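Remarks on the structure that follows.
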Amino acid sequence: IELGEIESILAGFPGVQQAVVPARQDQAENKRLVAYLTATSNTSLADLREHARARLPDYMLPAAFVRLEKIPLTPNGKVDRKALPVPSQEDVVTDGRIHPPVTPTEERLAAIWRNVLGLSLIGRHDKFFDLGGNSPLAVKVFSEIEKQFSRHLPLASLFNAPTIAALATIIENTGTDEAPWSSLVPIQPNGTKPRFFCVHGAGGNVILYLALAQRLGADFPFYGLHSQGLDGKTAPLQTIEEMAAHYITEVQRLQPHGPYCLGGYCMGGTIALEMAQQLTAKGERVALVALFDTYNFNRTLPTSRFFDLAQRLGFHLGNFTRLSPALMKNYLREKIRVARDGELANVLSPRSKNGVRPDDTVGRSALRTIQATNDRAAEYYQPKPFSGRLTLFNPRVNYSKFPDPHMGWDGIALGGIQVVSLPMNPHAMLMEPTVKHLASALADDICRAPGGRWTHLPFTEIGEPAKKTA
């Protein structure tokens with residue numbers, strides 16, 4: 001996030017004399033942007049916020065606006081950021097008014113949000129991410145919703161229903177009134193650039209793409225495709241081919257014809273490739289197939305589970321030691337959550353005779369079912385030759401079982417392979433701060449894809465000069 005850009009936009013509003021925007025972390029999981037400013041007495045902070053909203057993507061919008069008599073300075077004349085006060089509830093500006101909850105469901109949801117976000121007042125129309133919410137906090141909110149309401153909602157529900165009022169409507173709708181399941185999630189639907197459709201990994205959720213969508217910016221429409229079955233009601237799809245066909249149906253309701261820009265992380269890249277093949281067979285044009293650390297599983301080298309685990313721990317340690325203390329906590333928390341709901345839970349959690357774990361909730365059980373189904377689908381998938389081109393976004397180093405820089409796709413991508421090497425270890429591609437490298441390279445390819453003009457070298461090293469090819 002370019003803090004100077006935010007400060008410049010705020011300072012351009014009539015009546016604002018000076019603006020400073022740091023990223024504060026006053027709670028363990030709640031890092032948020034706060035705007036400190038000096039302004040004339042008749043300057044409306046609500047109007048200032050709308051001015052900023054019209055010019056900034058949501059993730060760059062300050063969660064609080066603090067009016068000061070003067071900006072504190074150090075003896076050498078620089079902003080004294082340590083002296084900036086902790087924002088209060090009154091500094092959280094929405095539309096200038098707090099609309100209180102009106103139903104018992106909304107009141108219970110508001111209590112959950114207040115506890116997780118550390119705020120004393122939250123209106124029914126306030127948006128979760130506007131209030132400083134992020135992915136780890138969303139996990140806590142939805143875990144508490146399941147405990148209190150016995151309703152499992154996919155994390156991606158926050159993109160479609162970002163307010164207490166909207167979430168309450170989903171929770172209260174049951175039976176025939178409940179909206180049909182949709183796999184298409186508008187993570188960031190605005191902008192003039194070509195839409196990018198990003199398919200889930202083996203875990204089924206798409207909230208892992210939030211940081212990538214934010215880093216791409218407000219002019220890049222970004223849609224996720226999450227697994228059928230995350231609601232705990234619909235049946236998970238069993239094969240890569242079924243998933244691709246279902247997602248194409250959903251995508252074409254929004255965009256009936258190409259050119260299409262598709263991609264996904266790990267298994268998601270494999271599904272994106274199958275979507276591209278099916279769309280091409282229908283006569284549609286696919287302009288970009290972006291595979292984020294996606295290997296052709298049919299061509300992996302055999303290794304022991306112990307060796308894989310040792311490499312994984314080494315990669316995580318390398319990623320971890322490069323982070324700031326605040327980001328270290330988020331990295332650990334996210335990796336623990338993934339392990340709890342996925343592979344580690346399958347090994348360590350006790351089962352009853354019928355295979356159900358005693359700590360299972362509807363949501364966690366659904367996640368484990370989806371993980372197992374998706375893993376099995378990826379294992380049995382046999383990719384067919386694709387007439388188009390693949391763009392591979394790979395970590396600079398990878399597992400020993402993935403020795404091929406083309407990730408096993410030679411002979412599959414008949415239109416050629418472009419490799420973009422990113423300066424990171426595996427498992428860090430979609431997390432801050434390293435996601436910025438992926439976002440920069442992906443934005444470049446999205447902009448070029450519709451015209452069919454490829455100016456990258458076949459191998460591009462991000463952060464270093466591109467390697468020359470013969």
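Fair warning: this is a prediction, and the values are worked out from it, not measured in the lab. Residue numbers count from 1 along this sequence. Hydrogens, waters and symmetry mates are skipped; everything else that's a heavy atom, side chains included, is used.
Using a 4.5 Å heavy-atom cutoff, the side chains of Phe220 and Cys447 are in contact. Using a 4.5 Å cut-off on side-chain heavy atoms (C-beta onward), Leu442 and Leu216 make contact. Between Ile446 and Leu288 the shortest side-chain heavy-atom distance falls below 4.5 Å. Contact annotation: the side chain of Pro395 approaches that of Asp293 to within less than 4.5 Å [non-hydrogen atoms, C-beta and beyond]. In this structure the side chain of Pro62 reaches within 4.5 angstrom of the side chain of Ile6, judged on heavy atoms.
Taking each heavy atom of Ala211 and Leu430 in turn, the nearest pair found is CB-O, 3.8 Å. When all heavy atoms of Gly204 and His226 are compared, the closest pair comes out as O-CB, 3.1 Å. Taking both residues in full, the closest heavy atoms of Arg396 and Ser421 are given as CA-OG, 3.6 Å, listed atom of the first, atom of the second, then distance. Looking at every heavy atom in both residues, Ile207 comes nearest to Ala138 through CD1-CB, 4.0 Å. The minimum heavy-atom distance linking Ala23 with Leu33 is given by the pair CB-CD2, 3.9 Å. The shortest non-hydrogen separation linking Gly264 to Ala272 is N-CB, 4.5 Å.
For the atom pair NE2 of His246 and CG of Leu184, the computed distance is 9.5 Å after rounding to the nearest 0.5 Å. From Thr369, atom OG1 reaches atom CD of Gln371 across 10.5 Å, with rounding to the nearest 0.5 Å. Separating the CG atom in Asp445 from the OG1 atom in Thr391 is a distance of 5.0 Å, to the nearest 0.5 Å. The structure places CE of Met407 at 11.5 Å from CG of Leu390, a figure rounded to the nearest 0.5 Å. For the atom pair CG (Leu167) and CD (Glu172), the distance works out to 11.0 Å, reported to the nearest 0.5 Å. Separating the CG atom in Leu273 from the CD atom in Gln278 is a distance of 10.5 Å, to the nearest 0.5 Å.
Within the structure, every pair that satisfies the ring-ring contact (aromatic ring centres under 6.0 Å, His included) test and touches residues 194-219, not counting sequence neighbours, is listed here: Phe196-Phe222, Phe197-Tyr223, His200-Tyr247. For residues 414-424, the set of pairs meeting the salt bridge (charged side-chain N to carboxylate O under 4.0 Å, His left out) definition, not counting sequence neighbours, is empty. Pairs passing the salt bridge (charged side-chain N to carboxylate O under 4.0 Å, His left out) check and including a residue from residues 216-229, sequence neighbours excluded, read Lys193-Asp219. For residues 257-277, the salt bridge (charged side-chain N to carboxylate O under 4.0 Å, His left out) pairs, not counting sequence neighbours, are Glu274-Lys384.
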Could you go step by step and tell me if Met424 and Met429 meet the side-chain contact (heavy atoms from CB on, under 4.5 Å) rule?
-> CA-CA 7 Å; Met424 63 192 71; Met429 190 174 292; 3.9 Å; yes

What's the verdict on side-chain contact (heavy atoms from CB on, under 4.5 Å) for Trp409 and Leu291, showing C-alpha distance, side-chain angles and the deciding distance?
-> CA-CA 11 Å; Trp409 297 113; Leu291 276 57; 3.5 Å; yes

Verdict with reasoning, Ile271 to Leu225, per side-chain contact (heavy atoms from CB on, under 4.5 Å) | CA-CA 10 Å; Ile271 302 173; Leu225 288 156; over 6 Å; no

Check the pair Leu438 / Arg215 against side-chain contact (heavy atoms from CB on, under 4.5 Å), numbers first and verdict last.
-> CA-CA 9 Å; Leu438 173 60; Arg215 282 283 188 172; over 6 Å; no

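Between the side chain of Gln238 and the main chain of Pro236, a donor-acceptor pair closer than 3.5 Å is present. Distance alone, capped at 3.5 Å, places no donor-acceptor pair between the Glu144 side chain and the Ile112 backbone. Judged by distance alone, the side chain of Gln277 and the main-chain N or O of Leu279 form no donor-acceptor pair under 3.5 Å. Side-chain N or O atoms of Gln228 include none that pairs as donor or acceptor with a backbone N or O of Leu237 at under 3.5 Å. A donor-acceptor pair is defined here as one N or O able to donate and one able to accept, closer than 3.5 Å; such a pair exists between the side chain of Arg151 and the backbone of Ile171. Here the side chain of Thr249 pairs a donor or acceptor atom with the backbone of Ala245 at under 3.5 angstrom. A donor-acceptor distance shorter than 3.5 angstrom exists from the side chain of Glu250 to the backbone of Ser183, with no hydrogens or angles considered. A donor-acceptor pair under 3.5 Å is formed between the side chain of Thr280 and the backbone N or O of Ala276.
Scanning for salt bridge (charged side-chain N to carboxylate O under 4.0 Å, His left out) contacts around Glu241 gives an empty result, with sequence neighbours left out. Contacts of His125 classified as ring-ring contact (aromatic ring centres under 6.0 Å, His included), with partners at least two apart in sequence or in another chain: His99. A search for ring-ring contact (aromatic ring centres under 6.0 Å, His included) contacts involving Phe128 returns Trp113, not counting sequence neighbours. With sequence neighbours excluded, the residues forming a side-chain hydrogen bond (donor to acceptor under 3.5 Å, both in side chains) with Tyr260 are Gln252, listed by chain and number. Listed by chain and residue number, nothing satisfies the side-chain hydrogen bond (donor to acceptor under 3.5 Å, both in side chains) test with Thr239 (two or more places apart in sequence, or in another chain). Applying the side-chain hydrogen bond (donor to acceptor under 3.5 Å, both in side chains) criterion to Thr294, with sequence neighbours excluded, gives no partner residue. Arg195 pairs by the side-chain hydrogen bond (donor to acceptor under 3.5 Å, both in side chains) definition with Gln255, not counting sequence neighbours.
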Can you give me every donor-acceptor pair (side chain of residues 155-166, partner residue at least two apart or in another chain, under 3.5 Å) with its distance?
from: Ser157; atom 1: OG; to: Pro154; atom 2: O; distance (Å): 2.9
from: Thr163; atom 1: OG1; to: Ala166; atom 2: N; distance (Å): 3.1

